[in-house]
There are 2 protein chains.
Amino acid sequence: MQDIDNVSATKSFGGWHKQYQHQSQALGCAMRFAIYLPPQAQTQPVPVLYWLSGLTCTDENFMQKAGAHRIAAELGIAIVAPDTSPRGDNVADNDGYDLGQGAGFYVNATEAPWDQHYRMYDYVVNELPKLIEAQFPVTQKRAIAGHSMGGHGALMIALRNPQQYCSVSAFSPIVNPSQVPWGQKAFSAYLGTNKNHWQQYDSCLLMAASSGSVQPPALVDQGEGDNFLPEQLQPEALVNAAQQSNYPLTLNRHRGYDHSYYFIASFIEQHLRFHAQYL
Amino acid sequence: MQDIDNVSATKSFGGWHKQYQHQSQALGCAMRFAIYLPPQAQTQPVPVLYWLSGLTCTDENFMQKAGAHRIAAELGIAIVAPDTSPRGDNVADNDGYDLGQGAGFYVNATEAPWDQHYRMYDYVVNELPKLIEAQFPVTQKRAIAGHSMGGHGALMIALRNPQQYCSVSAFSPIVNPSQVPWGQKAFSAYLGTNKNHWQQYDSCLLMAASSGSVQPPALVDQGEGDNFLPEQLQPEALVNAAQQSNYPLTLNRHRGYDHSYYFIASFIEQHLRFHAQYL
């Protein structure tokens with residue numbers, strides 16, 4: 001069993017918010033993650049929602065700002081929030097907020113210098129759930145959700161691993177990274193210029209091709225006052241993909257809401273109740 | 001009417017979180033505050049809860065981390081969060097986190113160099129409510145609450161201005177600043193070494209002497225896992241003061257909770273419902 005070091009422990013809504021640090025084998029560096037254990041976890045194993053955050057975030061943003069503990073405590077769901085990239089002085093970085101540390105895009109990089117550490121796909125899909133299920137009182141029922149870059153990560157990971165996740169949801173996700181500036185910049189750097197290699201990480205392409213396989217139910221919420229909506233997000237592309245494969249996708253649009261955590265906080269209760277139906 | 005500049009506007013739980021900047025006459029510097037306007041404010045004036053934050057905070061911490069918008073939106077209460085001190089390059093400061101900028105202690109300083117700008121008492125009691133009531137769709141029904149240094153501020157201000165506030169509440173407040181290190185350091189600097197001048201800002205002394213005047217109902221919540229509890233907070237001193245004046249004070253102690261915003265988030269709903277009874 002891997003060693004993990006407890007960094008903090010804070011009581012919240014009758015449960016515990018804890019941060020841990022461990023040496024990640026997938027990423028080759030020290031990583032911190034946060035876990036919210038609801039009160040029910042003190043007496044029985046609980047299912048887990050994995051939350052993937054957006055650009056510039058760490059394990060802290062969602063836990064501090066989303067107001068999710070209250071509902072997780074009611075429903076008996078643990079929440080695990082990893083960091084958004086490998087970190088450290090020896091880890092490649094870039095001056096842009098949308099590339100390098102804080103911007104791992106949940107892919108396995110194949111291009112130098114990123115291929116040394118940037119394997120967030122392997123970390124989130126394999127290493128982290130294995131560690132969580134070995135170390136904490138949780139079941140093997142998993143859901144996955146995220147925001148923006150993390151919404152891309154959640155959808156893409158659920159679509160590629162439909163047996164592993166009961167359900168998937170996203171706020172303001174990057175659904176079609178091959179076609180928008182954020183995704184094109186990151187994928188060019190991490191995966192190279194051969195766009196065939198990008199397809200495995202593009203939720204629209206994955207969803208359109210998902211007929212015949214298990215399809216975890218998907219919920220997406222998008223604010224119509226989101227500055228990134230027209231250029232970077234374009235959720236209608238995901239709706240088109242869902243129509244091609246008859247995918248169980250619900251998209252809710254909300255007038256006036258922007259890209260911030262205030263939007264997430266306003267609707268996180270509906271997302272947790274959505275996942276609770278399947279967990 | 002004073003000019004105020006809108007800095008941000010974000011939809012949250014059907015209402016709006018907004019930040020404004022204005023030139024404060026009481027403080028002699030530019031100040032930022034935040035207001036949460038619940039959906040009800042679009043059609044009718046709503047009462048206001050003033051929230052005073054703790055050491056190192058700005059107008060942002062409570063709004064981002066407390067999860068209060070959800071309940072304020074249900075109850076139809078606006079929330080106003082000022083900064084915790086005057087700010088700026090021309091404003092006196094100190095290297096300590098517990099003195100100077102971010103640590104105004106809600107007093108009117110009388111000692112140099114602090115007396116030039118540090119008049120947070122006047123700002124919170126007079127200037128800010130006047131501005132809020134002139135600029136926003138609110139009634140003149142006011143409640144006041146705060147955390148730690150801001151819990152001291154809320155209790156002290158309600159006790160000195162009982163006609164102005166329908167109710168008061170605090171999380172982990174500094175109730176007896178004359179007797180604890182945080183208060184003694186700040187009061188020595190801002191008010192000088194004559195402890196007679198400190199009494200007007202000490203909630204225990206004010207509460208003990210409140211018989212015969214209006215007594216706004218008070219609610220205090222304290223975590224028993226709070227590192228600052230034995231040395232800085234000592235809520236039993238406030239209970240003793242309440243017994244002397246038959247003050248309507250409720251103190252709730254919570255096993256395991258610490259001094260953080262996770263504690264506030266866990267119990268903010270009870271505080272807002274408490275205030276709603278009187279607003």
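Because the structure is predicted, anything quoted here is derived from the model rather than measured. Lettering of chains follows the sequences in order, A, B, ..., and the numbering in each one begins at 1.
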Enquirer: Residue by residue, which of residues 217-236 of chain B have a heavy atom closer than 4.5 Å to a heavy atom belonging to chain A?
Expert: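 Those residues of residues 217-236 of chain B which would need a heavy atom under 4.5 Å from chain A do not exist here.
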
Enquirer: What's the shortest heavy-atom distance between B:Tyr262 and A:Lys11, and which atoms?
Expert: CB-O, 3.9 Å

Enquirer: To the nearest 0.5 angstrom, please state how far the CZ atom of B:Phe263 sits from the OG atom of A:Ser12.
Expert: 11.0 Å

Enquirer: Of all heavy-atom pairs between A:Phe13 and B:Ser266, which one has the smallest distance, and what is that distance?
Expert: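 So the two residues come closest at N-OG, 2.7 Å.
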
Enquirer: Taking only residues two or more places apart in sequence or in another chain, which ones pass ring-ring contact (aromatic ring centres under 6.0 Å, His included) with A:Phe274?
Expert: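 If we apply the ring-ring contact (aromatic ring centres under 6.0 Å, His included) test to A:Phe274, skipping adjacent residues, the hits are A:Tyr278.
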
Enquirer: Would a 4.5 Å heavy-atom cut-off, applied to side chains only, mark B:Arg70 and A:Arg70 as touching?
Expert: yes

Enquirer: Would you find more than 12 non-hydrogen atoms of other residues, nucleotides or ligands less than 6.0 Å from A:Lys141 atom NZ?
Expert: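 No, not enclosed.
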
Enquirer: If contact means a heavy atom pair closer than 4.5 Å, which residues of residues 52-69 of chain A contact chain B?
Expert: A:Met63, A:Gln64, A:Lys65, A:His69

Enquirer: With a 4.5 Å heavy-atom cut-off (strictly below), which parts of residues 142-154 of chain A touch chain B? List them by number.
Expert: none

Enquirer: Answer with side chain, backbone, both or neither: which region of B:Tyr261 has an atom nearer than 4.5 Å to a non-hydrogen atom of chain A?
Expert: neither

